[in-house]
Colleague: 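I have a structure I would like to understand better, so I am pasting it below and will then ask my questions one at a time.
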Amino acid sequence: MSNADINDAGLHVEEVNLVEIAKKYGTPCYVYSRKALTESYTAYRNALAGHNDGNSLICYAVKANSNLAILNIFARLGAGFDIVSGGELARVIAAGGDAKKTVFSGVGKSHDEISAALQAGIKCFNIESSSELGRINTVAGNLGLVAPVSIRVNPDVDAKTHPYISTGLKTSKFGVAYGEALPLYRFAATMPNINVVGIDCHIGSQLLDSAPVAEATQKILSLVDALAAEGIKLKHIDIGGGMGIRYNDEAMPSTAEYLAPVLKTLAGRNESLLLEPGRSLVGNAGILLTKVEVLKQGGNDRDFVIIDAAMNDLMRPALYDAWHNIVPVRPRSGEARLCEVVGPVCESGDFLGHDRRLSVQEGDLLAILSAGAYGMTMSSNYNTRPRAAEVMVDGDKTYLIRKREEVAQLFAEEALLP
Ligand code: LLP
């Protein structure tokens, strides 16, 4: 299952009608399906089963959706985690995740974050610069520990995705330039508090074709072999995340089809394989449920459908011009009109969908689909709007996994001058 399915009673997630969820928890509200989360994880697991005796680890990229219930579902399924902050590490631990299966990515890890991760005993730091390598060596030395590291290499491959989410070109702030990787590994191997264990790359997100990832993997393998020839033997190869999802009518390969070229490139290798998928595990397992507040006639040929969700709840349309399908929870038979679906935030950029054909009335419920990834995690309190509730559906049951914020909470930490 993905997203929400429609039956005679209207739109539902698993066995629960979205009208019931809106009644019980209010709107706007993120709704996730445990079944869809499990299925997307299992698709990875199955695709990797035949590779290297199943010697691979799926490290869920926490930034895609960091709700504790979601992390816990993946932890129970055996997943590891890819984190980018001390905050995400704390979430993984609070959700019952295993630090020993956690890799720490990101270009600007602070002393405190490094120290917390070392003390938690994480699997590996994905290093993004020589300065960071030195810093980790120092912090580990002060703690009397040895830090396991992998160097994130920038393979200079064009992932052919949105420029904001493309990270593998040499102009990107991410990773260590390909030509600098070998000298940095040699240097790392001499450091007393560093243990070189792996290599990684991540070239971009929402990739519909894995050919660039296979190309990047091939380039990474040349480095692995060159290092082995010098006696520096790596234990794992981490090819990052990036597999896309279908938002509209994209021709999207299955997980197995997507991974096949990469697995072919890695066939016969002894190093274990790590992946860091985010979006493809959660994106189509969640929707944003919202209510039509106001209908307003527009100046041109289209009307405004003003809903109670806004750019602060789901930033992707405003930030990337991203397209999310928007469907009525109970379809009406009336004439569908051309609409702009917008939120109540005071910004012209506050839209959820341009040029949609909808037949709706004030008070109707709409579902914004494929909102499970980079939805709630990128939300904010702009315009002093409490963040949405989050609900998990499991069969015919629903669980509140994050309470809607209350207005008083939003300024509780602020202070007046004396
Ligand atoms: N590993 C690293 C090092 C990453 O930077 C990312 C995502 C991932 C893994 C997971 O990638 P995924 O499998 O989700 O594509 N906010 C944007 C996406 C930003 C992705 C950032 N890095 C969006 O809403 O499209």
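Order of appearance sets the numbers: ligands from 1, and atoms from 1 within every ligand. The chain is numbered in sequence order, starting from 1. What you see is a predicted model; the values in this text were computed from it and never measured.
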Colleague: Would you call Glu132-Lys109 a salt bridge at under 4.0 Å N-O?
Modeller: yes

Colleague: Distance only, no hydrogens: is a donor on one side chain within 3.5 Å (strictly under) of an acceptor on the other, for His354 and Glu340?
Modeller: yes

Colleague: Under 4.0 Å from a heavy atom of Glu276: give me the atoms of ligand 1 that qualify, with their elements.
Modeller: 1 (N), 2 (C), 3 (C), 8 (C), 9 (C), 10 (C), 13 (O)

Colleague: Is a side-chain donor-acceptor pair under 3.5 Å present for Ser379 with Asn312?
Modeller: no

Colleague: Below a 4.0 angstrom heavy-atom separation, can you tell me which part of Tyr320, side chain or backbone, both or neither, approaches ligand 1?
Modeller: side chain

Colleague: Under a 3.5 Å cutoff, is there a donor and acceptor pairing between the side chains of Tyr30 and Asn67?
Modeller: no

Colleague: Counting each atom of ligand 1 from 1 as listed, which ones have a heavy atom of Asp82 under 4.0 Å away?
Modeller: 1 (N), 2 (C), 9 (C)

Colleague: When you measure from atom 13 (O) of ligand 1 to each heavy atom in Gly175, Ala373, Gly278, Ala322, which option holds the nearest one?
Modeller: Gly278

Colleague: Hey, is Arg152 one of the residues with a heavy atom under 4.0 angstrom from ligand 1?
Modeller: yes

Colleague: Can you check which of Lys63, Met378, Arg316 brings a heavy atom nearest to atom 7 (C) of ligand 1?
Modeller: Lys63

Colleague: Please list, chain by chain and in numerical order, all residues satisfying side-chain hydrogen bond (donor to acceptor under 3.5 Å, both in side chains) with Asn142, sequence neighbours excluded.
Modeller: none

Colleague: For atom 15 (O) of ligand 1, which candidate among Gly375, Gly241, Ser205 provides the closest heavy atom?
Modeller: Ser205

Colleague: Restricting to side-chain hydrogen bond (donor to acceptor under 3.5 Å, both in side chains), what partner residues turn up for Thr290, sequence neighbours left out?
Modeller: Asp308

Colleague: Go through the side-chain N and O atoms of Ser33 and Glu14 and say whether any donor and acceptor fall under 3.5 Å apart.
Modeller: yes

Colleague: Test side-chain hydrogen bond (donor to acceptor under 3.5 Å, both in side chains) on Tyr258 and Ser280 and set out the steps.
Modeller: CA-CA 11 Å; Tyr258 179 89; Ser280 50; over 6 Å; no

Colleague: Of all the atoms in ligand 1, which lie at a distance below 4.0 Å from a heavy atom belonging to Arg279?
Modeller: 12 (P), 13 (O), 14 (O), 18 (C), 23 (C), 25 (O)

Colleague: Judged by non-hydrogen atoms, does Pro277 sit under 4.0 Å from ligand 1?
Modeller: yes

Colleague: Could you tell me if any non-hydrogen atom of Gly240 lies under 4.0 Å from any atom of ligand 1?
Modeller: no

Colleague: Is there a nitrogen or oxygen of Ser280 sitting under 3.5 Å from a nitrogen or oxygen of ligand 1?
Modeller: no

